[in-house]
Asker: 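First the structure, then my questions, so here it is.
Remember, it's 1-based here, ligands and their atoms both numbered in the order they're listed.
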Amino acid sequence: MSLTLTRTDLLKEQNFIDGQWCDSSSGARYEVADPASGAQFAAVPASCAVDAAQATAAAQAALPAWRALPARERARFLKRWHALIVANTDDLAKLMSREQGKPLAEARGEVAYGASYVEWFAEEAVRSYGDVIPAQVRGKQLTVTKEAVGVVAAITPWNFPLAMIARKIAPALAAGCTVVAKPAEDTPLTALALARLAEEAGLPAGVLNIVTTSRDRAQDVVGAWLADARVRKITFTGSTAVGKLLACDSAGTLKRLSLELGGNAPFIVFDDADLDAAVDGLMAAKFRNGGQTCVSPNRVYVHDAVYAAFTQKLAARVEALRVGPATWEEAQIGPMINARAVDKIEAHVRDALAKGGRLVVGGKRVNDGVASGPNYYAPTVIAEANHDMALASEETFGPVVPLFRFSDEDQVVKLANDTPYGLAAYFYTRDIVRVARVAERLETGLVGINEGVLASEAAPFGGVKESGYGREGSRYGLDDYLQTKYRCQGGLA
Ligand code: ADP
């Protein structure tokens, strides 16, 4: 089906460097495919290190003027950009659904969510306060100011094509940084459309540069930024494996890093939980984006005393989910992003069933009259999960809920923490003392307490352990793009 946008100029198929739309220096391109059908529907530059370096040069040249602008003027730009994103919600959602596969209603929600970061950082831009420190001796004045880090390279994943890039670019620009960005190879078009709107909002040339490339050239483009001393910070959302590579390869120039990496989120249902609320919370947390989110509950621990009742309630809700393409307004679960993703889900389910799991719902690919294509997987519940299964230790990144049994608080907290990851954790209980105890002991950056939806532009999002470091959103999110300068002025006595 053709992609009909109200504003056809939002479908951009070129890099955006120094305020110009341009092809890659080699002229190479790669195809963007619709995950619902596998059909290719657009082509964008397959850029290389030369293009990355051009983007860096443009960002470096634009830095002094952008950094020197009064914060309120940078904020004005961000507000105009925010208004344009909101005004073009339908087109952005259509574009995003087409390249990523998520249902249209979710895509519209993501536009609002991504835009909320732009608005938030427009407001934060004017509040990057410093300090005046009482001097230890007469005649000196000690002051602390916050300054933009410099040129920032942003590398983003495909699961939230708009929100991930917006929540990196907005704080960077608010702080006075300039940006070079590489969106995920599967979803370059939403990022390019955002750049088009930034251009329309009047962003000066070179302040934001977008370089697209294919998976096999990602290392070439990003490698050029990692090695370049002009790039002062890397902000990355993606897998822990790639995050570790970036940390190693940026050591040569000791860059600042914000890494938002993989998770393996536990979701604990205690025996005193409100089970209906827990099912609601799990449905919201697990099935958003078909389970392809880094805060998606990967291990669901249910107390023995409520295990049967919880399983039954959950199964009924999961069974009722509607699987289909984004173009179908009623779809709740779209296709997975690509064949590699469905293969992994299938392998996890096969492994779990071979190791004693009991299939309650789903457990197969879907390819029928509505969800017709290679990348659909049925929402799945597997009971009697155990820790020998691959899905206990690896992110499944799909619509699969494994239910583990537990009987003791101490035991379940240890199990929840028994992972190298530490992004999100959730638990449901009505015992207020347990709330305090468990929230403190969970080793994650985010904790949902009787709540399945955590992310908000007003709150700090980020992990601990091998889920990375740095925070996005909230006033903490601006700090990631600022450095602290201490001035000591003498001779004042
Ligand atoms: P996923 O497995 O979800 O695709 P990745 O961590 O592989 O997550 O990808 C996240 C982002 O990192 C994407 O923009 C991708 O192109 C980029 N990327 C992947 N491999 C590399 C690499 N070796 N070096 C630099 N960037 C990479």
Asker: Go through ligand 1 atom by atom and flag the ones less than 4.0 Å from a non-hydrogen atom of W158.
Answerer: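 Counting from 1, the qualifying ligand atoms are 1 (P), 3 (O), 4 (O).
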Asker: Answer yes or no for R167 and F461: cation-pi contact, defined as NZ/CZ to six-membered ring centre under 6.0 Å and angle to ring axis within 45°.
Answerer: yes
Asker: Cation over ring, R98 on F41, under 6.0 Å and within 45°?
Answerer: yes
Asker: Which of the numbered atoms in ligand 1 are under 4.0 angstrom from any heavy atom belonging to V222?
Answerer: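 Counting from 1, the qualifying ligand atoms are 25 (C), 26 (N).
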Asker: Please report which non-hydrogen protein atom sits nearest to atom 16 (O) of ligand 1, along with the residue it belongs to and the distance in Å to one decimal place.
Answerer: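 Ranked first by proximity to atom 16 (O) of ligand 1 is E185 OE1, 2.5 Å.
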Asker: Numbering the atoms of ligand 1 from 1, which are under 4.0 Å from a heavy atom of K182?
Answerer: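 Every atom of ligand 1 under 4.0 Å from some heavy atom of K182: 13 (C), 14 (O), 15 (C), 16 (O).
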Asker: Counting each atom of ligand 1 from 1 as listed, which ones have a heavy atom of L245 under 4.0 Å away?
Answerer: 23 (N)
Asker: Quick one: does T89's side chain have a donor or acceptor within less than 3.5 Å of a partner on V86's backbone?
Answerer: yes
Asker: If you measure every N/O of T237 against every N/O of ligand 1, is any gap under 3.5 Å?
Answerer: no
Asker: Got the closest protein heavy atom to atom 17 (C) of ligand 1, with its distance?
Answerer: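 In this structure, atom 17 (C) of ligand 1 has I155 CG2, 4.0 Å as its nearest protein heavy atom.
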Asker: Between the side chains of K168 and T237, does any donor sit under 3.5 Å from an acceptor?
Answerer: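 There is such a pair between these side chains.
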Asker: Between R340 and ligand 1, does any nitrogen or oxygen pair lie at a separation below 3.5 Å?
Answerer: no
Asker: Distance to 0.1 Å, residue and atom name: give those for the protein heavy atom nearest to atom 13 (C) of ligand 1.
Answerer: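 For this ligand atom, the closest protein heavy atom is T156 O, 3.4 Å.
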Asker: Quick one: do the D51 and S24 side chains pair a donor with an acceptor below 3.5 Å?
Answerer: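 On atom types as modelled, these side chains do not qualify, holding no pair under 3.5 Å.
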Asker: Who's the nearest protein heavy-atom neighbour of atom 9 (O) of ligand 1, and how far?
Answerer: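 Nearest protein contact, heavy atoms only, for atom 9 (O) of ligand 1 is R215 NH1, 4.1 Å.
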Asker: Tell me which protein heavy atom sits closest to atom 12 (O) of ligand 1, plus the residue, atom name and distance to 0.1 Å.
Answerer: F236 CE1, 3.3 Å
Asker: Got a sec, which residues hit side chain to side chain contact (heavy atoms under 4.5 Å, CB included) with L261, two or more places apart in sequence or on another chain?
Answerer: F236, T240, L259
Asker: Can you tell me if N159 and Q292 form a side-chain donor-acceptor pair at under 3.5 Å?
Answerer: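 Side chains of N159 and Q292: no pair found under 3.5 Å.
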Asker: For F397, which part has a heavy atom under 4.0 Å from ligand 1: side chain, backbone, both, or neither?
Answerer: neither
Asker: Who are the ring-ring contact (aromatic ring centres under 6.0 Å, His included) partners of Y117, not counting sequence neighbours?
Answerer: Y113
Asker: Check ligand 1 against Q219 and write out every atom of the ligand that is under 4.0 Å from a heavy-atom position of the residue.
Answerer: 23 (N), 24 (N)
Asker: Distance to 0.1 Å, residue and atom name: give those for the protein heavy atom nearest to atom 6 (O) of ligand 1.
Answerer: S239 OG, 2.6 Å
Asker: Quick one: nearest non-hydrogen protein atom to atom 21 (C) of ligand 1, plus distance?
Answerer: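 Here the closest protein heavy atom is V242 CG1, 3.7 Å.
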Asker: With distance as the sole test, does E99 use its side chain to make a donor-acceptor pair with the main-chain N or O of L189 at under 3.5 Å?
Answerer: yes
Asker: With a 3.5 Å distance limit and no angle check, can you tell me whether W66 reaches the backbone of C177 through a side-chain donor-acceptor pair?
Answerer: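 Side chain of W66 to backbone of C177, a donor-acceptor pair under 3.5 Å: yes, one is there.
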